[in-house]
Amino acid sequence: MAKVRTRIAPSPTGDPHVGTAYIALFNRCFARQHEGEFILRIEDTDQTRSTARSEQDILKALRWLGLDWHEGPDVGGPHGPYRQSQRSDIYRAHIEVLLENGQAFCCFCTAERLDALRVSQTENRQTPGYDGHCLLLSEQEVQKKRAEKQPYVVRMKVPEEGDCVFTDRLRGEIRIAWEQIDMQVLMKSDHLPTYHFANVVDDHLMEITHVIRGEEWINSTPKHLLLYQHFGWQPPQFCHMPLLRNPDKSKLSKRKNPTSISYYKDMGYLPEALINYLGMMGWTMPDGREKFSIEEMQSAFDIDRVSLGGPVFDVEKLDWLNGKYIRENLDVEDFVAAFSQWAFDPVRISRIIPLLKDRVERLSDVIPLAGFFLSGLLPVSDADFKHKQLTSDDCKKILQLTVWQLEQLPEWSREGVEQLCQTLSQFLDIRIRETLFPLFIAITGKAVSTSVIDAMFILGLDVSRARLRHAIDILGGVSKKEAKDLERVLRELENYVRPVQA
RNA sequence: GUCCCCUUCGUCUAGAGGCCUAGGACACCGGGUUUUCAUCCCGGCAACGGGGGUUCGAAACCCCCAGGGGACGCCA
């Protein structure tokens with residue numbers, strides 16, 4: 001039997017996500033338990049959203065958690081390159097095969113036509129999908145359009161009737177009618193492949209034997225299987241893991257729960273505890289032990305023990321487990337090392353010190369003044385938000401609008417944060433000192449402190465958002481109705497152009 | 001709207017037809033240890049979504065319903 005090979009294939013379009021680490025963990029355990037290999041591939045075919053920065057962050061975060069790989073863009077390996085943006089020629093050669101065999105076709109439809117089509121289908125309560133317009137084009141017409149350099153995509157042909165039946169390792173037989181499957185775009189007009197195409201080609205060329213991925217991919221598995229069939233390749237075994245959930249059971253999202261691995265690092269969780277916690281999402285040790293290392297997990301691993309109900313990511317239990325790790329696994333010396341590394345990161349410290357250097361008279365003033373930099377959520381109460389000019393609702397409004405605006409910042413910079421606060425102040429027609437008041441309480445815990453704008457910048461989006469959200473909760477939270485009103489205000493704010501300074 | 005997946009305490013879960021009066025853990029509540037607190041120890045609360053089958057026997061197998069979730073992009 002062929003050597004087991006599994007992979008994690010993150011897309012470098014944002015912060016390193018705990019869901020990525022979760023799937024990586026199970027892939028790695030499965031591979032290692034079978035003395036196989038676990039590889040990392042970067043799926044950066046979305047040119048507009050992928051960044052090198054994000055790729056670096058993801059690799060760093062996975063390494064921090066102890067999830068290392070046998071082959072990958074940084075360590076190399078015999079099946080490279082491991083970055084899809086460097087494999088364009090491979091995809092182009094493969095798409096030609098499908099085109100020649102008539103298993104795929106060129107589509108010249110414009111985005112406008114497709115949008116209109118989707119709208120009308122949705123209005124008529126039909127399942128949205130491509131209508132086969134360009135399927136009717138003759139060979140000559142296609143050649144002519146291509147010669148004229150008209151932009152086009154390549155779509156796959158899909159059987160019109162019958163079912164696609166496949167076996168999921170955890171769920172058994174799954175049957176999906178072909179008529180449910182859209183004529184998926186395989187190659188975009190920028191001549192880069194879509195996920196579905198690149199993923200199948202790479203999984204085959206990289207000799208992946210087991211595809212362990214999130215449940216959200218079940219419905220597109222027929223597309224993938226069809227490609228394997230067209231190429232005459234042996235498909236891997238599929239195994240769809242349950243999705244991590246928010247407390248309200250929806251798919252884990254940063255809007256509702258911190259999802260960035262760096263957030264958990266910044267909050268002072270130990271990587272061993274986080275990875276252990278992820279290991280108990282949908283899985284248990286055969287002997288019921290709850291505290292286990294990644295090595296213990298992989299040696300006792302049994303993928304068939306995965307339970308399928310979507311587990312809620314419950315920070316309270318993570319807190320307990322992290323405390324247990326600190327108490328039981330760190331002696332004083334280890335603790336000193338871990339704490340120093342966490343608290344006294346040189347880059348961070350050298351950003352913080354200039355903010356307080358001129359405000360202290362004794363070095364002993366530093367901790368009282370800057371302690372909030374080395375904290376998680378702050379112990380604030382609604383009384384702290386009492387203000388002579390701002391009502392509690394005003395505070396909530398400012399806090400919520402700030403959260404939303406921070407989330408939409410194209411890049412995290414001090415200037416961006418400042419601009420945003422200035423604009424908000426002008427838009428609300430509240431002086432900047434008042435506008436910043438609730439932010440001071442939420443972010444620094446006090447009405448008087450070092451610059452709150454710098455503080456947010458240094459703390460980062462995740463911790464800032466967590467504190468702002470915590471403050472909103474303290475103030476009674478935002479009801480459905482309030483949220484709706486505030487979203488309307490947000491739209492006005494987005495369209496608001498700051499008056500030019502006189 | 002269409003399709004797919006899922007369903008045991010509030011949460012993570014054990015459970016492969018009789019071992020289930022459903023077990024463990026977090027959270028919560030009580031008690032003990034501790035100069036306080038935390039830790040630690042002891043105890044308590046709390047669940048098989050509903051309805052039909054199959055079976056001597058169902059949390060487990062089958063069907064229907066309900067609920068939850070996901071997918072339906074030139075995103076991944």
Side-chain angles (χ1 to χ4, degrees), chain A residues 9-14 17 19-20 42-50 84 107-111 113-115 117-118 121-130 151-155 163-164 166 168 170-172 174-182 184-199 213-223 240-252 276-291 304-324 326-328:
Chain A
S11 188
T13 54
H17 198 280
T20 306
I42 293 293
E43 308 223 324
D44 55 351
T45 56
D46 184 343
Q47 294 270 278
T48 56
R49 295 198 306 147
S50 299
Q84 288 183 333
C107 168
F108 298 86
C109 293
T110 60
R113 190 183 108 78
L114 295 173
D115 285 345
L117 178 66
R118 229 186 316 276
Q121 284 168 332
T122 309
E123 277 171 3
N124 295 321
R125 295 180 176 179
Q126 289 170 314
T127 306
Y130 187 63
Y152 67 96
V153 301
V154 177
R155 289 179 182 273
D163 294 340
C164 174
F166 63 96
D168 178 276
L170 296 172
R171 295 158 204 263
I174 295 178
R175 178 180 299 265
I176 296 174
W178 282 117
E179 59 175 22
Q180 290 295 323
I181 309 301
D182 197 12
Q184 179 64 47
V185 171
L186 300 178
M187 186 168 282
K188 301 177 276 188
S189 53
D190 63 4
H191 289 236
L192 287 176
T194 58
Y195 165 86
H196 301 281
F197 187 64
N199 191 265
R213 57 169 26 165
E215 192 180 358
E216 72 232 77
W217 296 110
I218 290 178
N219 285 290
S220 34
T221 304
K223 292 172 188 172
H240 293 95
M241 295 287 295
L243 254 26
L244 261 25
R245 311 285 184 97
N246 295 312
D248 69 0
K249 304 272 188 183
S250 57
K251 173 171 153 179
L252 193 65
N276 184 164
Y277 182 68
L278 289 174
M280 53 203 255
M281 299 274 84
W283 195 79
T284 46
M285 278 290 209
D287 64 6
R289 242 181 315 159
E290 291 203 290
K291 188 182 170 212
D304 299 312
R305 285 181 63 79
V306 169
S307 63
L308 297 175
V312 171
F313 193 96
D314 174 22
V315 183
E316 266 180 354
K317 190 152 187 174
L318 172 60
D319 286 342
W320 163 78
L321 191 64
N322 200 58
K324 204 170 161 67
I326 288 176
R327 272 174 257 123
E328 297 175 3

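Quick note on labels: first sequence line is chain A, next is B, and so on, each numbered from 1. Note that these values count all heavy atoms, side chains included, but never hydrogens, waters or copies made by symmetry.
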Using whole Å, what does the distance between atom C1' of nucleotide B:A71 and atom CD1 of A:Ile176 come to?
9 Å
Tell me what A:Val185 touches on the nucleic acid: a base, only sugar-phosphate, or nothing, going by heavy atoms under 4.0 Å.
sugar-phosphate
Where each residue is assigned the nucleotide of RNA chain B containing its nearest heavy atom, which of A:Arg175 and A:Gly129 is assigned the position nearer the 5′ end?
A:Arg175
OG (A:Ser220) and CD (A:Gln184) are apart, to the nearest 0.5 Å, by 8.0 Å
Distance between the C1' atoms of B:A22 and B:A14, in whole angstroms?
10 Å
Trace of the salt bridge (charged side-chain N to carboxylate O under 4.0 Å, His left out) decision for A:Arg49 with A:Asp46:
CA-CA 6 Å; A:Arg49 295 198 306 147; A:Asp46 184 343; 3.1 Å; yes
Have a look at A:Cys164 and say if it touches a base, only the backbone sugar-phosphate, or nothing, with a 4.0 Å heavy-atom cut-off.
nothing
I need the CG-P distance between A:Leu321 and B:C12, as an integer number of Å.
16 Å
Take atom P in B:C65 and the same atom in B:G1, then report the distance between them in whole Å.
15 Å
Considering every strand and a 4.0 Å limit on heavy-atom distances, what is the contact class for A:Thr48: base, sugar-phosphate, or nothing?
nothing
Please determine whether a side-chain nitrogen of the Lys or Arg among A:Arg171 and A:Glu215 lies less than 4.0 Å from a carboxylate oxygen of the Asp or Glu.
yes
Below the 4.0 Å mark, does B:U39 have OP1 or OP2 next to a side-chain nitrogen or oxygen of A:Lys324?
no
Given B:C5, B:A76, B:G70, the nucleotide with the shortest approach to the side chain of A:Asn219:
B:G70
At under 4.0 Å between heavy atoms, what does A:Ser11 touch on the DNA or RNA strands: base, sugar-phosphate, or nothing?
sugar-phosphate
Counting only side-chain heavy atoms from C-beta out, which of B:C4, B:A76, B:C72 sits nearest to A:Ile174?
B:C4
Looking only at the side chain of A:Glu290 (C-beta and beyond, no hydrogens), which of the listed nucleotides B:G73, B:G24, B:U11 gets closest?
B:G24
With the side chain of A:Gln180 defined as its heavy atoms from C-beta on, choose the nearest nucleotide among B:C74, B:U2, B:U13.
B:U2
What nucleic acid atoms does A:Met281 come within less than 4.0 Å of, heavy atoms only: base, sugar-phosphate, or nothing?
sugar-phosphate
Which nucleotide sits closest to the side chain of A:Glu215: B:G69, B:A76, B:C5?
B:C5
Within this structure, what is the CG-to-P distance between A:Asn276 and B:C12, rounded to whole angstrom?
16 Å
Over 60° means perpendicular and under 30° means parallel, so tell me whether A:Tyr195 and A:Trp217 are parallel, tilted or perpendicular.
parallel
Assess the residue pair A:Lys291 and A:Glu328 against the criterion (salt bridge (charged side-chain N to carboxylate O under 4.0 Å, His left out)); give the C-alpha distance rounded to whole Å, side-chain angles, the decisive distance to 0.1 Å, and a yes or no.
CA-CA 11 Å; A:Lys291 188 182 170 212; A:Glu328 297 175 3; 2.9 Å; yes
Sticking with atom C1', work out how far B:U39 lies from B:G32, rounded to a whole angstrom.
14 Å
Strictly below 4.0 Å: does A:Arg305 bring a side-chain N or O up to OP1 or OP2 of B:G15?
yes
If you compare every side-chain N and O of A:Arg245 against the phosphate oxygens of B:G69 (OP1, OP2), does one of them come in below 4.0 Å?
no
Rounded to whole angstrom units, what separation is found between the CG atom of A:Leu186 and the P atom of B:A76?
12 Å
Could you tell me whether the side chain of A:Leu243 reaches within less than 4.5 Å of the side chain of A:Glu216, counting heavy atoms only?
yes
Candidate nucleotides B:C26, B:U11, B:C4, ranked by approach to the side chain of A:Ile218 - the nearest
B:C4
To the nearest angstrom, how far is A:Leu243 atom CG from B:G68 atom P?
17 Å
Mind checking if A:Pro128 touches a base, just sugar-phosphate, or nothing, with heavy atoms under 4.0 Å?
base
Whole-angstrom distance between B:C61 and B:A46, as gauged at atom C1':
28 Å
Does any N or O donor sit under 3.5 Å from an N or O acceptor when you compare the side chain of A:Ser189 with the base of B:C74?
yes
A:Ile181 CD1 to B:U2 P, in whole Å, measures 17 Å
Would you kindly compare A:Asp190 and A:Glu316 by the position of their nearest RNA chain B nucleotide and give the one closer to the 5′ end?
A:Glu316
I'd like to know if the side chain of A:Asp163 reaches the main chain of A:Arg175, judged simply by a donor and an acceptor atom lying under 3.5 Å from each other, with no hydrogens or angles considered.
no
Would you classify A:Arg49 as touching base, sugar-phosphate or nothing, given that sugar-phosphate means primed atoms plus P, OP1 and OP2, and contacts are heavy atoms under 4.0 Å?
base
Phosphate contact (B:C40 OP1 or OP2) by A:Arg327 side-chain N/O below 4.0 Å:
yes
With a 4.0 Å limit, can you tell me whether A:Lys188 has a side-chain N or O closer than that to the phosphate oxygens OP1/OP2 of B:C75?
yes
NA contact type, A:Gly310, heavy-atom cut-off 4.0 Å: base, sugar-phosphate, or nothing?
sugar-phosphate
Nucleotide paired to B:U36 in any strand shown, Watson-Crick or G-U, under 3.5 Å
none
What's the closest nucleotide to the side chain of A:Ser307 if the choices are B:G1, B:A27, B:A14?
B:A14
With the side chain defined as heavy atoms from C-beta on, A:Pro311 is closest, among B:U2, B:C12, B:C74, to B:C12
Which part of the nucleic acid, if any, lies within contact of A:His196, taking any heavy atom under 4.0 Å across all strands shown: a base, the sugar-phosphate backbone alone, or nothing?
base
Interatomic distance, CG@A:Asp314 vs NZ@A:Lys317, rounded to 0.5 Å, equals 8.0 Å
Without decimals, in angstroms, what is the distance between A:Phe166 CZ and B:C5 C1'?
10 Å
Gap in Å between the two C1' atoms, one belonging to B:U13 and one to B:C74, rounded:
43 Å
Does NZ or CZ of A:Arg155 lie under 6.0 Å from the centre of the six-membered ring of A:Tyr130, at an angle within 45° of the ring axis?
yes
Looking at B:A27, does its base get a donor-acceptor pair with the side chain of A:Lys317 below 3.5 Å?
no
Contact class for A:Gly282 (heavy atom, under 4.0 Å): base, sugar-phosphate, or nothing?
sugar-phosphate
Is A:Arg118 close enough to B:C74 that one of its side-chain N or O atoms is under 4.0 Å from OP1 or OP2 there?
yes
Residue A:Ser250, side-chain atoms from C-beta onward, closest of B:G69, B:A27, B:U11
B:G69
Could you tell me how far B:A59 sits from B:A16 if I compare only their C1' atoms? Round to whole Å.
12 Å
Using whole Å, report how far CE of A:Met241 lies from C1' of B:G69.
16 Å
Report the nucleotide, chosen from B:G70, B:C12, B:U39, that has the shortest atom-to-atom distance to any side-chain atom of A:Lys251.
B:G70
P atoms of B:C48 and B:U7, separation to the nearest Å:
16 Å
Rounded at 0.5 Å granularity, tell me how far CZ in A:Arg118 sits from OG1 in A:Thr127.
13.0 Å
Say we look at B:G43 and B:C26: how far apart would their P atoms be, to the nearest angstrom?
13 Å
OP1, OP2 of B:A14 versus side-chain N and O of A:Thr284: anything below 4.0 Å?
yes
